Amino acid sequence: MPERIDYLLIGGGMASANCAAELRKRDSDGTIMLAGREPEPPYERPPLSKEYMRGEAKREDAYVNEPSWYEDNNVDLRAGTNVMSLDTEGRTAKLQGGEEVSFEKALIATGANVNILRVDGANLDRIHYLRAFGNSDNIRADAEKADRVVLVGGSYIGCEVAASLKANGTDCAIVMMEDVALSRTFGEEAGRYFQGVLESHGIEFHGGETLTAFEGDDHATAVVTESGKTVAGDCVVVGAGVKPDTMLAGKAGLELDEDMGGILCDETLQTSVEGIYAAGDVCSYDSKVHGRRLRVEHWDVAMQQGIHAGRVMADDPAPYEVVPYFFSDLADWASLEYVGPAFEWDQEVWRGDADSGEFAVFYLKDGRVAGCLSVERSEDLQVARELLEKGVDVSDKTAELGDTGSDLGSLAA
Ligand SMILES: Cc1cc2nc3c(=O)[nH]c(=O)nc-3n(C[C@H](O)[C@H](O)[C@H](O)COP(=O)(O)OP(=O)(O)OC[C@H]3O[C@@H](n4cnc5c(N)ncnc54)[C@H](O)[C@@H]3O)c2cc1C
């Protein structure tokens with residue numbers, strides 16, 4: 001008979017590592033195995049486009065737990081180990097190398113994979129995607145040799161990487177489908193603020209452009225767009241979003257979310273099979289707070305959901321009700337925080353203005369807060385979180401929301 005484990009955690013990222021810690025807090029004797037495909041212990045990805053890419057932080061700084069934590073806490077960490085298949089009825093899993101383990105409960109936290117752009121020239125050298133340490137190392141090494149780097153994508157990965165590379169002295173140009181950087185999430189006005197910050201540091205933008213090819217002989221030297229524009233650069237970094245990694249879950253017959261991608265979960269993060277849970281980028285759950293299904297790719301959500309899954313797996317079931325939180329830094333030129341997500345909104349209320357570099361934007365839908373962006377106004381974000389959670393109708397309170405002199409605390413009370 002294969003070894004029987006109380007908790008099998010599949011995936012070696014933020015969600016699994018936090019689940020392991022929570023389980024150990026709640027169940028001092030339970031056996032825990034954490035199996036992750038990457039050779040490293042679980043680490044945080046945000047530094048890969050920020051301080052780690054700029055050479056300001058070391059690898060170890062990004063580890064979720066000290067490498068010794070796993071042994072000290074009797075967690076069987078299997079780094080560099082793919083979970084090849086899962087039998088949800090028999091409660092067994094096959095690990096890379098042929099070992100079979102049997103388990104009581106499992107977490108699937110397999111994260112996401114980058115979207116690859118399969119256009120002409122896609123196989124050229126010096127075209128990079130960013131998800132893991134090695135990608136960040138390679139981008140930095142190629143950027144150091146490059147006269148100019150082209151970033152494809154105007155979302156946070158493209159903007160953060162451009163800021164980091166430019167801060168390190170390499171010229172950058174961003175080619176993007178949207179007219180204004182970061183506007184898909186934050187709207188055009190806020191997007192113009194962030195784009196302006198990047199432009200003021202010399203980053204060039206080509207908005208409203210769809211990539212059709214990479215050009216070059218052996219390595220990329222330019223990208224070509226549908227409108228016929230050629231943007232030169234001797235290294236390319238693509239930030240074109242991610243797809244949740246549902247390969248294992250799909251093969252195991254777990255229900256998947258056709259609309260949002262991800263593994264379909266109930267409000268407690270349990271999948272369609274009892275005793276099997278999902279968390280992080282791969283988890284599509286019923287959000288009681290939003291009254292809809294939700295899947296987001298945020299560092300904080302992976303952490304919170306990992307902790308929550310640990311709680312539920314240790315027999316303390318409860319709905320997951322944390323409002324998703326996101327942050328991003330553009331070198332040390334600007335940083336933002338956000339709660340939401342507001343998929344759509346019909347009104348923006350600005351508190352403070354972009355010129356001052358300190359503002360919050362409340363995104364309202366039918367008079368209720370659907371999201372909030374903060375630049376140097378974290379205290380407003382906290383209020384927005386409460387307003388969103390409680391579903392407070394603020395349609396006749398927009399003057400207070402927009403007045404930096406008003407105390408917002410009473411609105412959420
Ligand atoms: C460069 C970068 C910068 C980011 N910056 C920010 C930021 O500023 N703010 C923010 O909120 N979010 C940011 N994010 C997003 C955030 O890092 C993710 O939301 C978070 O890492 C998700 O954690 P996870 O545990 O769900 O998945 P992951 O971190 O993707 O971990 C999943 C792991 O499981 C492994 N795996 C997959 N299948 C198997 C299998 N069958 N067997 C074993 N292992 C498997 C994968 O290889 C991976 O190592 C950033 C992401 C990147 C890439």
Side-chain angles (χ1 to χ4, degrees), residues 8-20 33-53 62 64 77-86 93-97 101 106-115 128-137 139-140 153 155-161 163-164 182 185 237-252 262-263 269 278-284 295-307 309 324-330 335-341:
L8 173 64
L9 313 182
I10 304 170
M14 193 69 191
S16 272
N18 280 283
C19 182
M33 178 187 281
L34 192 165
R37 183 184 290 160
E38 291 182 72
E40 309 269 350
Y43 61 90
E44 307 188 3
R45 299 184 194 278
L48 304 186
S49 49
K50 307 181 187 70
E51 55 271 30
Y52 179 76
M53 180 169 275
V64 183
L77 171 65
R78 303 287 186 97
T81 304
N82 217 353
V83 177
M84 309 299 286
S85 64
L86 195 60
K94 278 216 173 70
L95 309 186
Q96 186 177 343
V101 293
L107 174 77
I108 307 184
T110 45
N113 297 315
V114 294
N115 289 325
H128 297 278
Y129 294 81
L130 177 55
R131 188 75 192 167
F133 270 133
N135 305 133
S136 185
D137 294 337
I139 291 169
R140 190 169 159 214
S155 190
Y156 79 92
I157 291 283
C159 291
E160 287 183 357
V161 172
S164 287
L182 296 169
T185 315
V237 182
V238 181
V242 295
K243 235 189 245 83
D245 188 339
T246 55
M247 180 80 94
L248 181 77
K251 270 201 316 193
I263 303 169
L269 310 185
D281 286 4
V282 80
C283 171
S284 173
R295 191 185 68 75
V296 284
E297 295 137 8
H298 302 347
W299 171 89
D300 186 64
V301 175
M303 175 171 73
Q304 303 285 354
Q305 289 189 344
I307 294 169
Y325 166 85
F326 175 78
F327 67 91
S328 172
D329 295 335
L330 304 176
S335 60
L336 67 88
E337 297 173 282
Y338 177 77
V339 291

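The structure displayed is predicted, hence computed values, not measured ones. Starting from 1, each residue takes its place in the sequence as its number. Note that ligands are numbered from 1 as they come in the structure, with each ligand's atoms numbered from 1 the same way.
- Proximity to E297 (heavy-atom distance under 4.0 Å) selects the following atoms of ligand 1: 15 (C), 19 (O).
- Between the side chain of S136 and the backbone N or O of L48, at least one donor-acceptor pair lies under 3.5 Å.
- Heavy-atom distances between E160 and ligand 1 reach below 4.0 Å in at least one pair.
- Taking atom 44 (N) of ligand 1 as the reference point, the nearest protein heavy-atom neighbour is R37 N, 3.0 Å.
- Here the closest non-hydrogen pair linking P341 and V296 is CG-CG1, 3.8 Å.
- For the pair L130 and M53, the minimum side-chain heavy-atom distance is below 4.5 Å.
- The shortest N/O to N/O separation between S49 and ligand 1 does not fall below 3.5 Å.
- With hydrogens left out, the protein atom closest to atom 6 (C) of ligand 1 is P46 CG, 3.6 Å, a heavy atom.
- A donor-acceptor pair under 3.5 Å is absent between the side-chain atoms of Q305 and the main chain of A279, judged by distance alone.
- Short contacts between ligand 1 and I157, defined as distances under 4.0 Å to a heavy atom of the residue, involve ligand atoms 1 (C), 2 (C), 3 (C), 52 (C).
- Under a 4.0 Å N-O distance rule, the pair R37/D245 qualifies as a salt bridge.
- F133 and Y43 have parallel rings, their planes meeting at less than 30° on a 0 to 90° scale where 60° marks the start of perpendicular.
- Screening E40, E297, E38 for a salt bridge (charged side-chain N to carboxylate O under 4.0 Å, His left out) involving R45 leaves a single residue, E38.
- At a heavy-atom cutoff of 4.0 Å, ligand 1 is contacted by the backbone of A35 but not by its side chain.
- For the residue pair L9 and S16, the shortest heavy atom distance occurs at CD1-O, 3.6 Å.
- Contact atoms of ligand 1 toward A112: 30 (O) (distance under 4.0 Å to a heavy atom of the residue).
- The closest protein non-hydrogen atom to atom 11 (O) of ligand 1 is W299 N, 2.9 Å.
- Within ligand 1, the atoms closer than 4.0 Å to a non-hydrogen atom of A15 are 25 (O), numbered from 1 in the order shown.
- Only the side chain of Y156 comes within 4.0 Å of ligand 1, judged by heavy-atom distances.
- When heavy-atom distances to ligand 1 are checked against a 4.0 Å cut-off, D245 comes that close only through its side chain, counted from C-beta outward.
- Of the protein's heavy atoms, F327 O, 2.9 Å lies nearest to atom 9 (N) of ligand 1.
- Taking every heavy atom of both residues into account, K50 and S328 meet most closely at CE-CA, 4.4 Å.
- Close approach of ligand 1 to G280 is summarised as follows: ligand atoms under 4.0 Å from at least one heavy atom of the residue are 26 (O).
- Of the protein's non-hydrogen atoms, the one nearest atom 37 (C) of ligand 1 is T110 O, 3.3 Å.
- Among protein heavy atoms, atom 49 (O) of ligand 1 sits closest to E38 OE2, 2.5 Å.
- The closest donor-acceptor contact from the side chain of S49 to the backbone of V161 lies at 3.5 Å or more, if one exists at all.
- Those atoms of ligand 1 that come under 4.0 Å of a heavy atom in L130, given as number and element, are 1 (C), 53 (C).
- Here the closest heavy-atom approach between residue A17 and residue P42 is recorded as CB-CB, 3.6 Å.
- Neither the backbone nor the side chain of P42 has a heavy atom within less than 4.0 Å of ligand 1.
- At least one heavy atom of T81 sits less than 4.0 Å from an atom of ligand 1.
- N115 contributes a side-chain N or O that, together with a main-chain N or O of A240, makes up a donor-acceptor pair within less than 3.5 Å.
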_side-chain contact (heavy atoms from CB on, under 4.5 Å) for I157 and V114? Distances and angles first, verdict last._
CA-CA 11 Å; I157 291 283; V114 294; over 6 Å; no
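- When all heavy atoms of V282 and A109 are compared, the closest pair comes out as CG1-CA, 4.2 Å.
- Within ligand 1, the atoms closer than 4.0 Å to a non-hydrogen atom of A109 are 32 (C), 34 (O), numbered from 1 in the order shown.
- Closest to atom 40 (C) of ligand 1, if we only count protein heavy atoms, is N82 OD1, 3.1 Å.
- Residue contacts with ligand 1 include K50, since one or more of its heavy atoms lies under 4.0 Å from the ligand.
- The N/O atoms of G12, backbone and side chain alike, include one that comes under 3.5 Å of an N/O atom in ligand 1.
- Only the side chain of A302 comes within 4.0 Å of ligand 1, counting heavy atoms alone; its backbone N, CA, C and O stay farther away.
- Short contacts between ligand 1 and G36, defined as distances under 4.0 Å to a heavy atom of the residue, involve ligand atoms 43 (C), 44 (N).
- Judged by distance alone, with hydrogens and angles left aside, the side-chain atoms of T81 form a donor-acceptor pair with the main-chain N or O of A79 at under 3.5 Å.
- The N/O atoms of R45, backbone and side chain alike, include one that comes under 3.5 Å of an N/O atom in ligand 1.
- Residues G262 and R295 approach most closely at CA-CD, 3.8 Å, considering heavy atoms.
- Nearest protein heavy-atom neighbour of atom 41 (N) of ligand 1: V83 O, 3.1 Å.
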